[in-house]
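Note sheet for the following structure.
All values derive from a computational prediction rather than experimental measurement.
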Amino acid sequence: MKRSVIVAMILSMSMVACEKTSLFEDHVANNRSASAPQAIQKSLTTNFGNVSVREWKLNSDGSWKAHFTFNGIAWEATFSADGTLIKSEHA
């Protein structure tokens, strides 16, 4: 009896954990091409000028990555949720 209760609890927790992961992955996937918040877009403009972003990605840690071209070179820049530039590099 005790074993079946423990097994049932473990299975229930596993299903909840999988569902949370799936919901988070769906949220991130649905936001891949979404526009970043205004503070992040402003930081991009401050750091790189008026560039056209090819793609915005919302990362699992809440940061945003922009894929864009700057002076004819493909770049990636990562910003924290408050708009702070974390890193930038040639893509």
Worksheet item: So, do K65 and E55 sit near enough that their side-chain heavy atoms are less than 4.5 Å apart?
Response: no
Worksheet entry | Nearest non-hydrogen partners of W64 and S35, listed with the distance | CH2-O, 3.7 Å
Show me the donor-acceptor pairs within less than 3.5 Å that the side chains of residues 75-82 make with the rest of the protein, sequence neighbours left out.
from, atom 1, to, atom 2, distance (Å)
S80, OG, D82, OD1, 2.4
S80, OG, T84, N, 3.2
D82, OD1, T84, N, 3.1
D82, OD1, T84, OG1, 2.8

Under 3.5 Å, side-chain donor or acceptor atoms of residues 45-52 against the rest of the protein: list the pairs with distances, not counting sequence neighbours.
from, atom 1, to, atom 2, distance (Å)
T45, OG1, Q41, O, 3.1
T46, OG1, K42, O, 2.9
N47, ND2, S43, O, 2.7
N47, ND2, S43, OG, 3.2

Fill in: H90 to I73 - nearest heavy-atom pair and separation
ND1-CG2, 2.9 Å
